[in-house]
Student: 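Quick one: the structure is below, and I'll ask about it shortly.
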Amino acid sequence: MSITSPQPWPRTLPDLSAPEGGAASILDEILGVSPAVVYLTSAQPPYPIEYISANAERFLGIDAATLRAQGGWFKLVHPEDLPPTLERFEHWLQSPTSRDLPRRYRIRTRESDYIWVEDTCRKVFEQDRVAHIAGAVLDVTEQVQNEESLRRIAEAAPGVIYQFERRPDGSTRVPYASRKLWEIYGVDPETLKDEGESFFDLVHPEDLAALTASIEASERDLTPWSENWRVVVRGQTRWVEGQATPRRTDSGGTLWHGLLLDITRQKHLEEQLRAMSVTDPLTVLFNRRYLVEVMQQELGRFQRTGRPFSLIMMDLDHFKSINDRFGHSRGDEVLRQLADLLRKHHRSSDVAARLGGEEFALLLPETQLTAALQVAETIRRAISELTLSDGQGHPLPITASLGVTEVLPGIRTVDQLLERADKALYRAKRRGRNQVADDRQGRLF
């Protein structure tokens with residue numbers, strides 16, 4: 001962006017240092033009702049004051065004579081604020097910019113108290129060179145104290161208090177965010193004040209589209225916004241929840257005021273509870289509830305696209321006798337062994353589940369009956385080859401009966417599928433157990 005120099009002041013300035021009469025007197029009358037203290041200094045070190053309005057003592061509590069003394073202003077600035085304030089001032093003065101320089105620092109009053117002031121400087125040109133510095137000073141002590149109180153409240157809040165703005169051209173920025181943004185998002189709030197696109201750079205790729213769409217919907221309808229998404233911060237994935245209320249800005253953009261929360265721990269707990277709710281605790285396979293949920297999804301997909309899937313249901317033969325002869329602990333060990341075997345013999349897309357007792361199931365997406373029967377026979381053989389002991393060194397024979405069904409156009413519910421697989425399973429049992437049967441023609445493998 002090009003910088004345009006302001007129109008230079010008149011080549012010859014009026015004598016504003018005169019104690020009475022003329023322009024100084026008129027200007028003092030005007031400024032007497034203003035809280036702003038106006039001054040003019042030389043642009044050459046040590047920057048002596050050439051004029052300062054008479055309201056300096058009234059609004060700042062500073063003796064004008066002290067200020068006019070050589071270096072008077074700098075002697076009053078707080079020792080901690082003087083070096084950075086002077087450094088910024090001299091850098092700005094030597095740069096080609098024509099922009100005003102805003103500064104905020106503490107200055108000592110006549111009562112030796114320090115107040116906060118906001119000092120805005122402007123370059124005054126004569127013959128194309130900076131000859132003077134014009135400025136206006138306001139007492140902002142109360143504002144600073146209020147900001148500090150708000151900052152402490154913001155830091156004590158459980159999340160990030162923030163403003164998010166979307167300009168009319170679609171660009172974004174974050175005018176304000178509490179320091180906790182660094183803890184949660186890994187971003188310094190100062191870097192987002194003018195440009196907010198980097199706020200989205202850390203969003204998990206799978207969540208970016210939904211996050212953007214939710215913001216656009218809130219902006220379009222001016223409705224409260226709420227969304228959960230993941231961010232990747234320093235190699236770690238975190239969950240963030242955002243809530244905000246939008247309003248239109250005078251420029252035609254939208255400004256949200258809201259709160260960001262780190263809900264990573266909450267999400268992990270939800271995932272653990274979810275896993276517990278769909279997992280069989282003994283075998284660590286999925287349970288019947290989860291199998292039915294996935295079967296409903298597969299059935300809906302079949303009805304939309306015709307993509308096949310099959311279901312294998314299996315039951316350990318004479319399992320009750322194992323519990324009766326060797327105890328439930330030995331029976332539980334057999335069930336865990338079978339679960340391990342199923343994990344070894346199914347694809348990542350398949351779903352193995354314990355339906356209850358000694359009954360198990362395996363859902364095979366994208367699989368027709370012929371292939372499912374081959375999978376079932378492979379599992380049957382593997383079960384019969386399991387090496388188990390009765391606890392006294394004697395081998396314990398294990399076999400299973402398996403029933404297989406494939407989804408058909410006339411099937412509308414999960415219960416219908418389970419019923420067909422169950423009928424095939426009992427057909428295998430009736431024909432001697434340790435066998436695989438399908439539900440169509442009672443065919444043995």
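All values below come from the heavy atoms of this structure, side chains included, with hydrogens, waters and symmetry mates left out.
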Student: Let's go through R167 and S171 carefully: what are the C-alpha distance in whole Å and the side-chain angles of both, what is the deciding distance for side-chain hydrogen bond (donor to acceptor under 3.5 Å, both in side chains) to 0.1 Å, and is it a yes or a no?
Tutor: CA-CA 5 Å; R167 302 182 182 100; S171 63; 3.0 Å; yes
Student: R336: what forms a side chain to side chain contact (heavy atoms under 4.5 Å, CB included) with it, not counting sequence neighbours?
Tutor: L282, D332, E333
Student: Determine whether the side chains of T399 and D317 contain a donor N or O and an acceptor N or O closer than 3.5 Å.
Tutor: yes
Student: Please, which pairs that meet ring pair (Phe, Tyr, Trp, His ring centres under 6.0 Å) have at least one residue in residues 336-384, sequence neighbours excluded?
Tutor: none
Student: Under the ring pair (Phe, Tyr, Trp, His ring centres under 6.0 Å) rule, what pairs show up with a residue in residues 249-284, not counting sequence neighbours?
Tutor: F164-W256
Student: Give me the one residue out of V77, I107, L76 that meets side-chain contact (heavy atoms from CB on, under 4.5 Å) with L82.
Tutor: V77
Student: Would you list the pairs meeting side-chain hydrogen bond (donor to acceptor under 3.5 Å, both in side chains) in which at least one residue belongs to residues 185-195, sequence neighbours left out?
Tutor: R179-D188, Y185-W229, E190-K193
Student: Mind checking what makes side chain to side chain contact (heavy atoms under 4.5 Å, CB included) contact with V284, not counting sequence neighbours?
Tutor: T279, R343
Student: Would you list the pairs meeting salt bridge (charged side-chain N to carboxylate O under 4.0 Å, His left out) in which at least one residue belongs to residues 399-411, sequence neighbours left out?
Tutor: E406-R440
Student: Name all residues meeting the ring-ring contact (aromatic ring centres under 6.0 Å, His included) criterion together with W239; count only those two or more places apart in sequence or in a different chain, and write none if there are none.
Tutor: none
Student: Using the test salt bridge (Lys or Arg N to Asp or Glu O under 4.0 Å), find all partners of R166 that sit at least two apart in sequence or belong to another chain.
Tutor: E216, E219
Student: Can you list the residues that meet the side chain to side chain contact (heavy atoms under 4.5 Å, CB included) rule with R103, with sequence neighbours excluded?
Tutor: Y39, T85, R88, F89, L101, Y105, D119, C121
Student: Apply salt bridge (Lys or Arg N to Asp or Glu O under 4.0 Å) to D113 and list each qualifying residue two or more places apart in sequence or on a separate chain.
Tutor: none
Student: Which salt bridge (charged side-chain N to carboxylate O under 4.0 Å, His left out) pairs, counting each pair once, include a residue from residues 228-248, with sequence neighbours left out?
Tutor: E206-R230, D207-R230
Student: Taking only residues at least two apart or on different chains, which pairs with a member in residues 273-286 satisfy salt bridge (charged side-chain N to carboxylate O under 4.0 Å, His left out)?
Tutor: R274-E293, D280-R354
